[in-house]
There are 2 protein chains.
Amino acid sequence: MLTNLSVSEQNYIKSIYHLQQNSESVTTNALAGHIKTKPASVTDMLKKLQTKNLVNYNPYKSFRLSREGNKAALNIIRRHRLWEFFLVNQLQFTWEEVHEVAEQLEHVTSKKLVDKLDAFLGYPGFDPHGDPIPNSNGKINQQVQMPLFNLPLNTLAIITSVQNQSSDLLSFLSNSGITIGTKLEVKQKLNFDNSLGIKIKNKSSIFISEQIANAIQVNPL
Amino acid sequence: MLTNLSVSEQNYIKSIYHLQQNSESVTTNALAGHIKTKPASVTDMLKKLQTKNLVNYNPYKSFRLSREGNKAALNIIRRHRLWEFFLVNQLQFTWEEVHEVAEQLEHVTSKKLVDKLDAFLGYPGFDPHGDPIPNSNGKINQQVQMPLFNLPLNTLAIITSVQNQSSDLLSFLSNSGITIGTKLEVKQKLNFDNSLGIKIKNKSSIFISEQIANAIQVNPL
DNA sequence: TTAATTTTTTAGATTTGTCTAAAAATAATT
DNA sequence: AATTATTTTTAGACAAATCTAAAAAATTAA
């Protein structure tokens with residue numbers, strides 16, 4: 001039942017997915033607000049998505065994505081996050097710039113494109129904001145990713161990505177023995193300047209600034 | 001007067017551009033055929049593009065892209081060809097697969113995206129089919145590109161791109177001293193198997209197969 | 001240069017997604 | 001529980017892009 005979805009339908013499905021993350025079921029008003037349209041338009045679209053079996057819709061009561069709808073949403077989100085990763089890590093976009101562009105790229109639906117992009121990027125688990133990227137089967141990495149700066153003290157973690165905004169940073173990190181896959185713990189945090197004392201596994205300790213600690217993403221182990 | 005163009009308007013503009021390449025002015029029927037729509041729809045759209053000053057349209061007579069329209073077309077074509085280049089050279093698509101996907105990607109209009117993609121790809125002059133890629137000012141490279149196989153005998157040419165479909169090929173070529181920028185001539189062509197005898201400038205001569213000669217793009221000098 | 005043919009345009013209908021205003025259902029309040 | 005307020009849906013209209021069928025213009029042929 002792989003219907004071709006219009007850009008508009010895709011936007012509704014994606015928004016319902018996101019709103020469902022926070023609360024059990026979604027309201028017409030909330031969705032209208034999220035998607036910048038009017039409640040009446042939402043109702044219209046819900047009826048349409050209902051006939052396509054993408055939502056389970058009880059008029060005046062509630063609605064949720066169906067299993068089908070959920071699958072469609074994960075596909076859209078996969079595309080969005082892969083493109084965000086591409087924009088930041090290959091094209092040198094900054095975090096703030098990517099969302100709008102990825103919003104357009106996500107509607108290019110070629111499965112072959114998405115899977116090849118995924119492979120090209122090295123099957124990343126998280127987008128630049130730290131949100132997980134569903135794999136080609138729609139499975140979401142259950143690990144948690146966070147900036148190294150937010151890692152609790154004395155918690156072993158593994159580096160999963162580094163925002164390569166400047167080559168300065170990259171060379172500093174590689175000289176310090178910090179790359180993707182490096183395991184480390186935060187041993188102390190100086191209140192004076194928010195710098196962190198880092199213990200790299202089987203290696204020496206170093207201090208890094210708050211800025212650097214925020215450019216490094218880690219998974220707690 | 002940088003109006004935002006709908007996908008549909010973009011498709012019309014692009015098609016008019018391509019049809020104009022072959023004949024002075026374009027007919028309603030030809031455009032309808034090219035765009036897979038009905039003549040009546042073409043007329044409707046022409047009236048719309050006229051009000052936006054993108055075409056010069058004389059009902060029952062003829063129409064052409066205006067200066068504005070031409071600029072818009074070159075922008076669309078730039079995006080299309082850059083994405084084709086990306087798909088083939090980074091994502092390992094084959095020539096035949098790229099068109100359909102690029103057809104969708106070309107409608108993502110972010111100028112920042114396009115210019116960063118261009119830089120990322122190294123400002124390529126030609127797409128994988130050998131068609132020139134307009135630069136960010138809409139200027140088209142006037143050089144000619146062709147497969148090495150089609151280069152006339154004893155004509156000096158420079159290699160501009162290599163289809164990196166297999167790593168076999170790439171390592172063979174680099175071992176033979178053939179990379180982007182290498183200057184060479186074709187000295188002979190064997191009718192038996194269509195293989196070519198190549199003289200690399202300031203270096204030795206080698207023979208390469210028809211297949212390889214078709215994977216190498218050159219500019220005659 | 002008329003008549004026949006082809007091309008192009010107009011007129012009116014259709015589909016998709018949206019909107020406003022009014023009606024219906026649900027939720028909150030006294 | 002009845003009234004008020006809020007939320008949601010319906011009804012009908014609208015814009016964009018398309019279509020069919022008929023009319024108008026241009027072209028070709030007799």
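Because only heavy atoms are used, hydrogens play no part in the values below, and waters and symmetry mates are left out as well, while side chains stay in. All chains are named by letter (A, B, ...) in the order of the sequence lines, taking the proteins before the strands, and each is independently numbered beginning at 1.
- B:Tyr12 comes within contact range of the sugar-phosphate backbone alone, with a heavy-atom separation under 4.0 Å but no base atom that close.
- Between the CD atom of A:Glu9 and the P atom of C:dT16 there is a distance of 9 Å, given to the nearest Å.
- In this model, the phosphate group of D:dC19 is approached by a side-chain N or O of B:Ser41 to a distance below 4.0 Å at OP1 or OP2.
- A straight line from CG of B:Asp44 to P of C:dT14 spans 16 Å, rounded to a whole angstrom.
- Comparing C:dT8, D:dT10, D:dT20 by their closest approach to the side chain of B:Ala40 singles out D:dT20.
- For the residue pair A:Glu68 and A:Asn53, no side-chain donor N or O sits within less than 3.5 Å of a side-chain acceptor on the partner.
- Distances shorter than 4.0 Å separate some side-chain N or O of A:Lys47 from OP1 or OP2 on D:dT10.
- Classified by interplanar angle (parallel below 30°, tilted 30° to 60°, perpendicular above 60°), the ring pair A:Phe120/B:Phe120 is perpendicular.
- Residue B:Lys38 contributes atom NZ, which lies 23 Å from atom P of D:dA16 at whole-angstrom precision.
- Look at CG on B:Asn58: it is 21 Å from P on D:dA24, rounded to the nearest Å.
- Taking atom NZ on B:Lys61 and atom P on C:dT9, their separation rounds to 11 Å, with Å as the unit.
- Between B:Tyr57 and the phosphate of C:dT8, there is no side-chain N or O to OP1/OP2 separation shorter than 4.0 Å.
- Just one of A:Arg78, A:Lys14, A:Gln10 meets the side chain to side chain donor-acceptor pair (under 3.5 Å) condition when paired with A:Glu106; it is A:Lys14.
- Looking only at atom types and distance, the side chain of A:Asn29 has no donor-acceptor partner in the side chain of A:Thr27 under 3.5 Å away.
- Distances shown here put every side-chain N or O of B:Thr43 at or beyond 4.0 Å from the OP1 or OP2 atom of C:dT10.
- Contact annotation: B:Thr37 side-chain N/O to D:dC19 OP1/OP2 distance is under 4.0 Å.
- Taking 4.0 angstrom as the limit, B:Asn29 places a side-chain polar atom (N or O) nearer than this to OP1 or OP2 of C:dT8.
- In this structure, the CZ atom of A:Phe63 is 12 Å from the C1' atom of D:dT7, given to the nearest Å.
- Residue B:Ser8 has a polar side-chain atom (N or O) positioned under 4.0 Å from OP1 or OP2 of D:dT18.
- As judged by a 4.0 angstrom heavy-atom cut-off over every strand, A:Thr28 is placed among residues touching the sugar-phosphate backbone only.
- Residue order along DNA chain C, read from the 5' end via each residue's closest nucleotide, puts A:Ser6 first among A:Pro59 and A:Ser6.
- Across the protein-nucleic acid pair, B:Asn4 atom CG and D:dA15 atom P stand 20 Å apart, rounded to whole Å.
- C:dT8 atom P lies 17 Å from atom CE of B:Met45, rounded to whole Å.
- A salt bridge is absent between A:Asp118 and A:Lys111; no separation between the charged side-chain nitrogens and carboxylate oxygens falls under 4.0 Å.
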